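What follows is a set of notes on a single structure, which appears directly below.
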Amino acid sequence: MEYSPRQIEKKWQTYWEEKQVYKTDIDPDKPKYYILDMFPYPSGAGLHVGHPLGYIASDIMSRYKRHSGFQVLHPMGYDAFGLPAEQYAIQTGVHPAESTRKNIQRYRQQLENLGFDYDWSREVATCDPDYYKWTQWIFLQWFQHYYCTEADKALPISQLVEEFEREGNHGTTAFDNQDSPKFSAEEWKAFSARKRDEILMNYRIAYRKTAYVNWCPKLGTVLANDEVKDGKSERGGFPVERKPMVQWSLRISAYAGRLLEDLDGLDWSESLKTIQRNWIGKSTGAMVQFSLENRDDRFEVFTTRPDTLFGVTFMVLAPEHPLVDEITTEAQKTEVEEYQRRAAAISERARQANVDDISGAFTGGYAIHPVTGKRLPVWISDYVLMDYGTGAIMAVPSDDERDHKFARHFELPIIPVVDKSSDDPEEHTIINSDFLNGMKVAAAKKRIIRELEAKGTGRGEVKYKLRDAIFSRQRYWGEPIPIVYDEEGVAHPLPEEELPLELPDTNDYKPGADGRSPLSKIEDWVNLPGGYKRETDTMPGFAGSSWYFLRYMDPGNDSAFADRTAIEYWRDVDLYIGGTEHAVGHLIYARFCHKFLYDTGQVVSNEPFRKLINQGMIQGIIESIFMDKRQSDPARFVCASVAEKEGMNNFTGILVHADFVKEYGAQDSYLNEDSIRKFLNWQPDFANAKFECPGGVYQNSEFTPHPGSGATENHLLTHSEVGKMSKSKYNVINPDEVIEEYGTDCFRMYEMFLGPIEQSKPWDTMGIDGVSKFLRRFWELFFKDGNFTFTDENPPKEARVTLHNTIKRVREDIERFSFNTCVSHFMVCTNELRKAKTQSREILEPLIVLIAPFAPHLAEELWQLAGREGTVTKAPYPDYDPEVLKKDELTYPVAVNGKKRTELTVPADMPKQELEKTVAENEVILKWKEGKDIKRIIVVPGKMINVVIK
RNA sequence: GCGGGUGUGGCGGAAUUGGUAGACGCGCCAGACUUAGGAUCUGGUGCCGCUAAGGCGUGGGGGUUCGAGUCCCUCCACCCGCACCA
């Protein structure tokens, strides 16, 4: 019987669906295993060959765990709110709900075609009101909690209100990074509702505040920090500017310390943890207060090097620092204002690009050194950033490179305060610093902080770079924020019973007035009885994706985001697979969200993703042809060999669609006349271009051979390089097409065979033949004269060894996520069993289960042919018998001075002494010994023998 | 500049704690069967060397060891992240 994968695969996919084979539920008698793929955004383009890589790996793991007796949760769903659908709606008028629904359908089809074992009954989409009801519910929880730094967790805001009523906020331990004003209990009680609302906004986890935000005019919305790359929007690459706006934010900075510390316990790659650590950006140092000359005012600076306090010779403020206007003297006014104007005009990007340009202006004002009482001139410069630290620094030109450059440029004094004569920074000692002299850096830091604290002019402090996340989006296609404002503008949460607050229908997706969301234009939705108005901003993409892994535990639940029993059973994700692109966005937000829910007792673990694997990218081959830069009209394209002869710099590469290229993927890929016709159809601008290869020239559908060449057809070698697989490079490979040709099982195994899961590697179109051949041969092991045949014969010993060896290796390699080597073990096994020519059930039947996680359809079919009932997916995974692998004979490699020279086969139980004797008498060894002595014989039992001859 | 990672045949990659470097697959070479082959099967294939003996070989240099792709020092290349972060 011939192996016809497509037929088998469709049959079993239908079977799985009809029998709900992958439906899972709580089973307290079994250990759980929760395996999760990163939430895909269902884009219109569908999946390309790179996307399924992680899904295949998780599917193999999931199936393996099921065979191993675990209750497996392996769900899939869609991160379905987002900008692309809305941009598409603006362009085409198609409602985002409509296009999203279609895209989801397409994704679902493609995923099913890959034979994954998802429990589809748990499928979720963030844009579904049953889902976002709970996204809104979580938002309300954020709104109704604050972060207590003493308890080190989130507590109900009602407790804080009680505290304020009792004692004001003078002694509060509530987290607040906004410099909120201090008040007494009496004052609190006297405040208006509006004032109280304003104050509480300084403490709520979800809060509303005017802030400088990343405003993207082209997208018409505000973006979070991680959605901005190099001053441009991550989606679309549009310019982003800083703009003060009233926005909802999440007080994620309150969790910075825990987000950082708890990384240590996670089984994530070192590089990913480092990215998160950088993003959180902890720095330990001190806040130091400087008073101003002739003024009552003080201002604070943050420094990581308080030990260099005696080296401070001047102060620098950010140009937009509020103090600047107050301290600038009449004489310096013009200069300072001129500088402020210039600094404001330069964009953030340009400012960062000109790091080496030193600029600044003296305000004319002086600060007083908190320890020495010395006068310190106060400057402004754009190297000090308003939104980092306090927007002001103490300048230590001797030990800070930027301060040093600045001091040199403006001829300010430099006092060396650290003796750096030792190569080991830990040995550096403090000099010129009064009572710190002679101390090591670390000790001096502690000492000076003690001093400052005693004098009340400073304190030790830890700062984080992690900023609060802007949570408002001025867009339509997102979760409405469940808040209404009364006539005074006080924010009120919607009562829980009113959730979900559904997104109203509209066909006008363009932004409203003053950059407000399209929702602001739907008047009967915005305006409520009693003068109440709805919040018109919607939530960002990360709102729904920050907790989706919890919803999968109990997706249909209408009275909680998930039932307590489900949460206690599934707890957290045991294995999370996805790309690195979510390193700082999604993974920080999800961890924050999970920790918050942990604080409030809603979940039972403090981290959502215990182990995480980042799959690498699958790259494509970018094909281009050489176009002569020296002539145009008609353009001249030449073969790679011609370009090489005439000099590469005379040519430029023009991209060619990979579909047109013959022998795509081989090193000699080329265009023939058929390809050229396709190319011209695709790029009609080149209609009458010349295509020149060493044999002749093709132009206007005609090939003219060069005189003397026997060529009859054009053969234009292309330029091929490995790079991104993307639409813009015209080299996207669609998995559906590969599957149509080779089958799902083959596609799955080939993707795994390409290399380690974490590594990026190019898609090699030719290589898949090898896996296809292997699967056919594997299938044929089960057939004799065309009939499926199992016998009860005693198998040959080698066959048994092969089987048990394969089981051992495959089990070990799955456990360490080395799926590429698993595939090669199956290949080796097949090659060996083909030689052994056995139909023994004892050998062949375990192989069916062994390969099932990798090639599930093929395994199901063979299982059925073997006469077994039902599905193979629940059969126990085979185990190996160490007895079978015990050898009676061992073949030792024998090395002389570390180089292998011969082999020696001996009984496995030969004593060491005798073994050494045998080696010493071996003729090859005797030959090497000639004229020298055997100094030593090293026997590593079972491994190798090394003879030292000198 | 700082931090993290990776360097192995023509290519993708193997080598679990230091123990036969290059498993497996692609490609290439030769042969068989065939009207034909981009089908199938068999064998070969790191480099130098006559098919031999042998030598050289895991980015370069040095070290530890009986033995190093693996450990240590040093340099180089590439990739990723951060970056006037006080």
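Since we're looking at a predicted model, the values are computed, not measured. Each chain gets a letter, A, B and so on, in the order its sequence line appears, and its residues count up from 1.
- Counting non-hydrogen atoms under 4.0 angstrom, A:I938 reaches a base of the nucleic acid.
- Residue A:R809 places no side-chain N or O under 4.0 Å from the OP1 or OP2 atom of B:rU16.
- Nucleotides B:rG22 and B:rU16, compared at atom P, are 13 Å apart to the nearest Å.
- Residue contacts shown for A:N946 include a base, since a base heavy atom lies under 4.0 Å away.
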*For RNA chain B, produce a single dot-bracket line, 5' to 3'. Pairs: Watson-Crick or G-U wobble, both distances under 3.5 Å. Symbols: ( ) within strand, [ ] crossing, | other strand, . unpaired.*
(((((((..(((......[....)))((((((.......))))))(((.....)))..(((((..]....))))))))))))....
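- B:rC2 and B:rA14 have their C1' atoms separated by 35 Å, given to the nearest Å.
- In this model, the phosphate group of B:rA14 is approached by a side-chain N or O of A:N820 to a distance below 4.0 Å at OP1 or OP2.
- Going from the P atom of B:rG55 to that of B:rU34 covers 47 Å, rounded to whole Å.
- With both ends at atom C1', the span from B:rG81 to B:rG63 equals 33 Å, rounded to whole Å.
- In this structure, A:N831 reaches the B:rG25 phosphate: one of its side-chain N or O atoms is under 4.0 Å from OP1 or OP2.
- Between A:Q759 and the phosphate of B:rU6, there is no side-chain N or O to OP1/OP2 separation shorter than 4.0 Å.
- At least one side-chain heavy atom of A:M749 sits less than 4.5 Å from a side-chain heavy atom of A:I851.
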*asked:* Would A:H404 and A:I414 count as a side chain to side chain contact (heavy atoms under 4.5 Å, CB included) here? Give the steps.
replied: CA-CA 8 Å; A:H404 186 86; A:I414 299 171; 3.8 Å; yes
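- Taking the ring centroids of A:F406 and A:Y383, they lie under the 6.0 Å cut-off.
- As judged by a 4.0 angstrom heavy-atom cut-off over every strand, A:S824 is placed among the base-contacting residues.
- Between A:Y750 and A:W763, the ring-plane angle classifies as perpendicular under the 30° and 60° cut-offs.
- For CZ of A:R459, the number of neighbouring non-hydrogen atoms (other residues, nucleotides, ligands) closer than 6.0 Å is greater than 12.
- Across all strands shown, A:V828 has heavy atoms under 4.0 Å from sugar-phosphate atoms exclusively, and none from any base.
- A gap of 15 Å separates the C1' atoms of B:rU20 and B:rU70, to the nearest Å.
- In this model, the phosphate group of B:rC24 is not approached by any side-chain N or O of A:R777 to a distance below 4.0 Å at OP1 or OP2.
- Anti is the glycosidic conformation of B:rG81, whose angle departs from 0 by more than 90°.
- The side chain of A:R834 places an N or O atom within less than 4.0 Å of a non-bridging phosphate oxygen (OP1 or OP2) of B:rU42.
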_Steps toward ring pair (Phe, Tyr, Trp, His ring centres under 6.0 Å) verdict (A:F826, A:F854)_ = CA-CA 10 Å; A:F826 282 117; A:F854 300 84; 5.3 Å; yes
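- Distance noted for atom C1' between B:rG57 and B:rA68: 14 Å (whole Å).
- At the heavy-atom level, A:K773 lies under 4.0 Å from the strands shown only through sugar-phosphate atoms.
- Across B:rG13 and B:rG1, the matching C1' atoms stand 35 Å from one another, rounded to whole Å.
- Among the protein residues, A:M827 comes within range of the sugar-phosphate backbone only, with heavy atoms under 4.0 Å from sugar or phosphate atoms but none that close to a base.
- The C1' atoms of B:rG10 and B:rG4 are separated by 31 Å, rounded to the nearest whole Å.
- Of the residues listed (A:L915, A:V947, A:V919), the one engaging A:V939 in a side chain to side chain contact (heavy atoms under 4.5 Å, CB included) is A:L915, and it is the only one.
- Interatomic distance, CG of A:D403 versus CE of A:M315, reported as 10.0 Å (0.5 Å rounding).
- In this structure, A:K943 reaches the bases: a heavy-atom distance under 4.0 Å links it to at least one base atom across the strands shown.
- Put simply, A:R776 has a side-chain N or O that comes within less than 4.0 Å of OP1 or OP2 on B:rU40.
- In the interface, the side chain of A:N278 is not paired with the base of B:rC82 through any donor and acceptor atom under 3.5 Å apart.
- Using a 4.0 Å heavy-atom criterion, one finds that A:S818 contacts no nucleic acid atom at all.
- Residue A:R277 is out of contact with every strand shown, counting any heavy-atom pair closer than 4.0 Å.
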